[in-house]
Undergrad: 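One structure is given below, represented as structure tokens, and several questions about it will come after.
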Amino acid sequence: QQQVKQSPQSLIVQKGGISIINCAYENTAFDYFPWYQQFPGKGPALLIAIRPDVSEKKEGRFTISFNKSAKQFSLHIMDSQPGDSATYFCAASMTMNYGGATNKLIFGTGTLLAVQP
Amino acid sequence: GAVVSQHPSWVICKSGTSVKIECRSLDFQATTMFWYRQFPKQSLMLMATSNEGSKATYEQGVEKDKFLINHASLTLSTLTVTSAHPEDSSFYICSASLSGDTQYFGPGTRLTVL
């Protein structure tokens, strides 16, 4: 299956709190899992990405936790700020060996995060 | 680095006309460019994959005669919506990549067809 299931659909967090967004996949051939942040009327921006050989990756306030056996991965935003209010998309891709060409991304359905001051 | 631009950022056209959207990688040469479509409050839907100098590969259900893609150089890809109709109104986003997994997205183009 090529789907990536994302939850929750929307999330409200108080300033300073932890935002957690979850994604699940079926295809064990997926080997790259990025998270994108999108503000209204703008294109998505890459936040952080992980590969299956590690269980966690942290960049600043953003952490990806990866559970290969459960085929799940999540984004944690620590000390959430009002400026983090945006839509977050998880995605997955698999190495297709197109002779160096880029692999297609399969996107989750998105999570609208609102951080209240 | 890794900046992708799109032009125009928004366009309004009359039904039946054609609209061209440009996608440029400003500081790197993109082996592959992708075109996505996004409806309000929905996820990104891949329309086609474009490799420089070759024909684009379209996703199932995307009409290649309606959405013409040209990838003439390593820094420029264009999407032409031919004979646009109101149902083609959407947010069109391109992405570009050197190789491998990382895609860098453009700011998007809002198309409104009257």
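Chain naming here is simple, since letters A, B, ... match the order of the sequence lines and numbering starts at 1 in each.
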Undergrad: What heavy-atom pair brings B/F34 and A/N103 nearest, and what distance separates the two atoms?
TA: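 Looking at all heavy atoms of both residues, the shortest contact is CZ-O, 3.8 Å.
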Undergrad: Please classify the contact of A/L105 with chain B as side chain, backbone, both or neither, using a heavy-atom distance under 4.5 Å.
TA: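 A/L105 touches chain B through backbone and side-chain heavy atoms alike.
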Undergrad: Select one option (side chain, backbone, both, neither) describing which atoms of A/P44 are under 4.5 Å from chain B's heavy atoms.
TA: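 Both backbone and side chain of A/P44 come within 4.5 Å of chain B.
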Undergrad: Search all heavy atoms of B/Q38 against all heavy atoms of A/F89 and return the closest pair with its distance.
TA: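 Looking at all heavy atoms of both residues, the closest pair is NE2-CZ, 3.6 Å.
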Undergrad: Linking I/L/V/M/F/W/Y whenever any side-chain heavy atoms sit under 4.5 Å apart, do B/I93 and B/V113 land together?
TA: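 Per the 4.5 Å side-chain linkage, B/I93 and B/V113 are not co-clustered.
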Undergrad: Got a donor-acceptor contact below 3.5 angstrom from the B/S43 side chain to the A/G108 backbone?
TA: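 A pair under 3.5 Å: yes.
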Undergrad: Determine, step by step, whether A/F107 and B/L46 satisfy the side-chain contact (heavy atoms from CB on, under 4.5 Å) criterion, reporting the C-alpha distance in whole Å, the side-chain angles of both residues, the deciding distance to 0.1 Å, and the verdict.
TA: CA-CA 9 Å; A/F107 279 89; B/L46 179 64; over 6 Å; no
Undergrad: Looking at A/Q38 and B/F91, what are the two nearest heavy atoms and their distance?
TA: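 Distance-wise, the nearest heavy atoms are NE2-CE2, 4.1 Å.
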Undergrad: Does A/I77 belong to the same Ile/Leu/Val/Met/Phe/Trp/Tyr cluster as A/V13, with side-chain heavy atoms less than 4.5 Å apart forming each link?
TA: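 Linked, A/I77 and A/V13 end up in one cluster.
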Undergrad: Do you know which of A/G41, A/A45, A/P34, A/S93 has the most heavy-atom pairs with chain B at a distance under 4.5 angstrom?
TA: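 Counting heavy-atom pairs under 4.5 Å, the top option is A/G41.
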Undergrad: Which members of residues 57-89 of chain B, sorted by number, sit under 4.5 angstrom from chain A on a heavy-atom basis?
TA: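 Within residues 57-89 of chain B, the residues that come under 4.5 Å of chain A (heavy atoms only) are B/E59.
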Undergrad: What part of B/Q6 gets closer than 4.5 Å to chain A, counting heavy atoms only: side chain, backbone, both or neither?
TA: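 Neither; nothing under 4.5 Å.
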Undergrad: Examine B/Y36 and B/L111 and state if one hydrophobic cluster contains both, with Ile, Leu, Val, Met, Phe, Trp and Tyr joined whenever side-chain heavy atoms are less than 4.5 Å apart.
TA: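 Unlinked, B/Y36 and B/L111 end up in two clusters.
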Undergrad: Pick one of side chain, backbone, both or neither for A/Q6, based on which atoms fall under 4.5 Å of a heavy atom in chain B.
TA: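 When you check distances to chain B, no heavy atom of A/Q6 falls under 4.5 Å.
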Undergrad: Report all side-chain donor-acceptor pairs from residues 14-25 of chain A shorter than 3.5 Å, counting only partners two or more places apart or in another chain.
TA:
| unit_1 | atom_1 | unit_2 | atom_2 | d |
| --- | --- | --- | --- | --- |
| A/Q14 | NE2 | A/Q116 | OE1 | 2.8 |
| A/S19 | OG | A/S80 | OG | 2.8 |

Undergrad: For the OH atom of A/Y32 and the CD atom of B/Q103, what is their distance to the nearest 0.5 Å?
TA: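 Rounded to the nearest 0.5 Å, the OH-CD separation comes out at 8.5 Å.
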Undergrad: Can you get from A/L11 to A/L47 by hopping between Ile, Leu, Val, Met, Phe, Trp and Tyr side chains that sit under 4.5 Å apart?
TA: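 Same cluster: A/L11 reaches A/L47 through Ile, Leu, Val, Met, Phe, Trp or Tyr contacts under 4.5 Å.
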Undergrad: Flag yes if B/Y104 and B/Y92 sit in one hydrophobic cluster, no otherwise; membership is Ile, Leu, Val, Met, Phe, Trp, Tyr, and two members link when side-chain heavy atoms are under 4.5 Å apart.
TA: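 They do not share one cluster, since no chain of ILVMFWY contacts under 4.5 Å joins B/Y104 to B/Y92.
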